[in-house]
> 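Below are the C-alpha cells for one structure; questions will follow.
Only heavy atoms go into these numbers, but all of them, side chains included; no hydrogens, no water, no symmetry mates. What you see is a predicted model; the values in this text were computed from it and never measured.
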Amino acid sequence: MYAFWNNKGGTGKTSLAFQSICRFAELNSESRILAIDLCPQANLSELFLGGLVGQGGANLAQLHSLNPRKSVGGYFEKRLPAPFSVPSLNYQDFVSTPFNYNNSIPSNIDLLAGDQIVELQSNAIATLANTQIPGTDTWIRVIDWIKDFIELTGTTYTHFFIDSNPSFAVYTQIALSTAERLVLPVMADDSSRRAIINMFALIHGINVPSGSTYTPYSFPTKLQTAGRSLPRIHMIIKNRLTQYMGPASAYSSVLESIDHDVNSVLISHPSAFTYSKLYDGFVNIKDFQTTGVVAFAEGTPFSKVITGRHYIMGNEIHIKREYLDSCILAINDLVAKL
C-alpha cells in the first residue's frame with residue numbers, strides 16, 4: 001500500500017502519481033488496483049476521469065452529485081454520525097471505474113475520488129478525533145477511516161495507491177497512517193530540501209527537540225502508542241532534471257544536499273526506510289516538459305499519448321517520438337521500484 005506525499009505542494013506529485021499508477025496497472029494487468037484520492041483539490045481524480053480536454057472536472061462533479069456522493073467525501077459523510085465504529089456500508093457505493101469515463105485508463109483501476117467537501121469536513125473530523133471518551137482511543141478510530149474502507153473491500157483489490165494532500169491536515173494523517181510505504185517526489189530546490197526534513201519530523205519524529213511539550217500529541221507518538229507501525233519511506237523521486245543529461249548543474253548542489261540529509265537519517269534511523277543503501281531508494285525523473293503538459297491536459301498515460309499535433313485550449317503542441325519514449329522509460333524506471 002503506497003502513499004504519494006509531498007508536503008511542499010505543486011502538481012508534479014499528482015502527475016507522477018497518475019502516470020505511475022497507470023503504468024503499474026498496465027504492467028500488472030492481472031492485478032486489481034484502487035486509487036484513493038485524499039487531496040480535496042482532487043487533481044488526480046480529474047486526470048483519471050478525463051483531464052481538462054476530456055471533461056474530467058465535469059465527470060467528477062457528476063460523481064459528487066450522486067447520493068451518496070461517489071467519492072471519499074461521500075464515505076466520510078457516512079462516517080461522521082457514528083465516527084468510532086464501522087457502519088454497515090457497501091464500498092461500491094463510493095467507488096468508480098475511470099475507464100468508463102476515460103478509455104485511456106487501464107480497466108483494472110478503480111477510484112475512490114477526491115472531493116472538495118473533505119476540506120469542509122476536516123474541522124468536524126479533527127474535533128471528533130480529539131474527543132475524550134474513557135476507554136476509547138478516538139484519535140485512532142478516526143485516523144483508521146480509510147483503513148476501515150480498505151477492509152470493507154475484502155479481497156477485491158491487490159494493490160492500493162493513495163494520493164495525499166501537501167498539508168498535514170487530519171485527512172492527510174488518515175492517508176499516511178494507512179500507507180505502508182511512502183513515495184516522496186521532490187523538486188531540486190532548497191524548499192524541497194526543507195520539506196524532506198519536515199517530513200522526517202512529522203511522520204517519524206526525527207530531529208524533534210527532546211522534551212518538546214507537543215511530542216505526546218504528535219502523529220508518530222500517537223500512532224505508535226496505538227500499537228501501529230509508522231509508514232516507511234520507500235522511494236524519493238528527484239524531479240527537474242535535464243532531458244538527455246544527468247542532473248542539471250543548476251540543481252546538482254541541492255540534490256547533493258538532499259542526498260546528504262537523507263543518508264544521515266538512513267544511518268541514524270534505518271527502520272524509517274524500506275531500503276538500506278541510499279541510492280536504492282532514489283529515482284531520477286527527467287523533466288516531462290511539453291509531453292507532460294499534454295498528458296496532464298488530456299488525462300492520458302504516456303503509453304497512450306499520440307505523437308504529432310495536439311490542440312490544448314486552442315494552442316497547437318507537437319509531441320516528438322523521442323521525447324515521449326524518454327517519458328515512458330522514466331516512468332518504467334520508477335514503477336520497477338514499486
> So, Thr307 side chain and Lys320 main chain: donor-acceptor pair closer than 3.5 Å or not?
no

> So among Phe18, Phe296, Phe302, which one has a ring pair (Phe, Tyr, Trp, His ring centres under 6.0 Å) with Phe288?
Phe302

> Ignoring hydrogens and geometry, is there a side-chain-to-backbone donor-acceptor pair from Lys13 to Asp163 under 3.5 Å?
no

> Test: ring pair (Phe, Tyr, Trp, His ring centres under 6.0 Å). Region: residues 96-116. Which pairs qualify, not counting sequence neighbours?
none

> Would you say the side chains of Thr14 and Asn43 form a donor-acceptor pair under 3.5 Å?
no

> Quick check for you: to the nearest 0.5 Å, what is the distance between Ile117 atom CD1 and Phe76 atom CZ?
11.5 Å

> Give every residue pair that meets the salt bridge (Lys or Arg N to Asp or Glu O under 4.0 Å) criterion with at least one member in residues 104-113, sequence neighbours excluded.
Arg32-Asp110

> Quick one: CG on Asn165 to CD on Gln41, what's the gap to the nearest 0.5 Å?
6.5 Å

> So how far is it from Asn284 CG to Asp333 CG, rounded to the nearest 0.5 Å?
9.5 Å

> Are Glu298 and His310 side-chain neighbours, meaning at least one heavy-atom pair lies under 4.5 Å?
yes

> Is it true that atom CD of Gln121 has more than 12 heavy atoms of other residues, nucleotides or ligands lying nearer than 6.0 Å?
yes

> For the residue pair Ile140 and Lys222, establish whether any side-chain heavy-atom pair is separated by less than 4.5 Å.
no

> Check Ser177 against Ile143 and note the closest heavy-atom contact, atom names and distance.
OG-CG2, 2.8 Å

> Quick check: do Ser20 and Tyr2 have side-chain heavy atoms less than 4.5 Å from each other?
no

> Would a distance-only check, ignoring hydrogens and angles, find a side-chain to backbone donor-acceptor pair under 3.5 Å from His64 to Gly114?
yes

> Short question: side chain of Tyr171, backbone of Ile125 - any donor-acceptor pair under 3.5 Å?
no

> Around Asn207, counting heavy atoms of other residues, nucleotides and ligands shown, do more than 12 lie under 6.0 Å from its CG?
no

> Taking all non-hydrogen atoms of both residues into account, name the closest pair between Ile36 and Ile146 and its distance.
CD1-CG2, 4.1 Å

> Are the side chain of His234 and the backbone N or O of Tyr275 linked by a donor-acceptor pair below 3.5 Å?
no

> Please list all pairs passing the salt bridge (Lys or Arg N to Asp or Glu O under 4.0 Å) test where one or both residues lie in residues 76-97, with sequence neighbours left out.
Arg79-Asp148

